[in-house]
K.L.:
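Take this structure first; my questions come after.
Note that these values count all heavy atoms, side chains included, but never hydrogens, waters or copies made by symmetry. Indexing begins at 1, ligand by ligand and atom by atom, following the structure's order.
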Amino acid sequence: MASPVLLAGVAGVLMMLLCVPLGLHKVQEGCVGVYWIGGALLSSTTYPGYHTMIPFITKHRSVQISVQTDVVRDIPCGTSGGVLIEFEKVEVVNRLNPGSVIGLVKNYTVDYDRLWIYDKVHHEINQLCSTHTLQEIYIEIFEQIDELLLERLQREWNIWAPGLELIAIRVTKPRIPKLIGKHFDAMEAEVAQLTSVSAEQQIVLQEAETTRRKAVIEAQKILEVAKINCQRNIDEQKSKLQVSAIENEMLVARAVSNADAVFYAAKQEAEANKELLTTDFLELERVRSLSKNAKFIVGSQIPNSLFVGDSAGKIGKLLK
Ligand SMILES: *[C@@H]1O[C@H](CO)[C@@H](O)[C@H](O)[C@H]1NC(C)=O
């Protein structure tokens, strides 16, 4: 009785015998199969899955057409100043257009990536280094290196290997000599300190400015109040002046009217008197005054003469 192991082994051998003449092979997902007969590339490709071919006569390889990342490591380069630095890692994300596979393999074999990715990245990095100083490569243009490489590589590929598509490039910071690295670190620290100091100064300045503005506003407020008070005083004085001026005018007016009244009365009286100054009236007055000023002298001794004046100072008559 045959054991199951032996049975399986026999089945396996039979399968091998069947498969080898068929040249059964497998193409992985994300790849296409390319074939050579007698060293000549066939123009047809196969898609993922199992395929057959003539064993020993047909040669077969798979070429990846899905997105892949090629990593180029340890790229040495000399800067324009003569310092030797080394880029540890450059990642190139790329994809091959299925329609260009045959043309590319025909031109550059299946190891096209050696030529167009590894060697090309070395070359471009070296070119970049030789036209820039260490300061530029390490600090100033470092963030642009990805873009620069991408641009240059894609331009070359478009001319020489159309169908090869560049998606992204990532460049790590290069390794630089230890001594120079220390120098850069110190510089960086210095710059950071300076920045923080200037920020502090800025804050202090701003605070001072705020205080100054506050003071100015306060002073202006006080000034405004003083102005208003002053104006009010002036107005008060003015109105007082006006009031007293009016009072004065009133007084003057009253005095004038009083004087007028007096004058009028006097005038009236004068006129009345003038009318009285007739001869008759004067005669009457004279007589009246004589009688008023008559002196009666009683006794035995009558003076011979007597001088009399009337009340108006007129010269009287000499009595005998
Ligand atoms: C292959 O080389 C020929 C001739 O230089 C060129 O015209 C063609 O574009 C190349 N094809 C690919 C896919 O690189």
K.L.:
If you measure only the distance, is there a donor-acceptor pair under 3.5 Å linking the side chains of His25 and Tyr35?
P.N.:
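Checked: His25/Tyr35 side chains pair up, N/O donor to acceptor below 3.5 Å.
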K.L.:
Charged N to carboxylate O below 4.0 Å: is that the case for Lys221 and Glu224?
P.N.:
no
K.L.:
Within the 4.0 Å heavy-atom shell around Gly103, which atoms of ligand 1 are there?
P.N.:
13 (C)
K.L.:
Taking only heavy atoms of Tyr108, which atoms of ligand 1 are found under 4.0 Å from at least one of them?
P.N.:
14 (O)
K.L.:
Under a 4.0 Å N-O cut-off, is there an ion pair linking Asp74 with Arg175?
P.N.:
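Salt bridge between Asp74 and Arg175, a charged N being under 4.0 Å from a carboxylate O: yes.
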K.L.:
Judged by modelled atom types alone, do Asn158 and Gln154 share a side-chain donor-acceptor pair under 3.5 Å?
P.N.:
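There is such a pair between these side chains.
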K.L.:
With a 4.0 Å cut-off, would you call Glu209 and Arg212 a salt bridge?
P.N.:
yes
K.L.:
Any protein heavy atom under 4.0 Å from atom 7 (O) of ligand 1?
P.N.:
no
K.L.:
How does Asn107 reach ligand 1, if at all, at less than 4.0 Å between non-hydrogen atoms: by side chain, backbone, both, or neither?
P.N.:
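Looking at Asn107 and ligand 1, just side chain atoms fall under 4.0 Å.
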K.L.:
How far is atom 13 (C) of ligand 1 from its nearest protein heavy atom, and which residue and atom is that?
P.N.:
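Result: Pro162 O, 3.4 Å.
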K.L.:
For Ala161 and ligand 1, answer yes if some heavy atom of the residue is under 4.0 Å from a ligand atom, otherwise no.
P.N.:
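The answer is yes, since Ala161 has a heavy atom less than 4.0 Å from ligand 1.
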K.L.:
For ligand 1, indicate whether the residue Trp160 contacts it via side chain, backbone, both or neither (heavy-atom separation under 4.0 Å).
P.N.:
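The answer is the backbone of Trp160.
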K.L.:
Below 30° counts as parallel, above 60° as perpendicular, anything between as tilted: where do the rings of Tyr108 and Trp116 land?
P.N.:
perpendicular
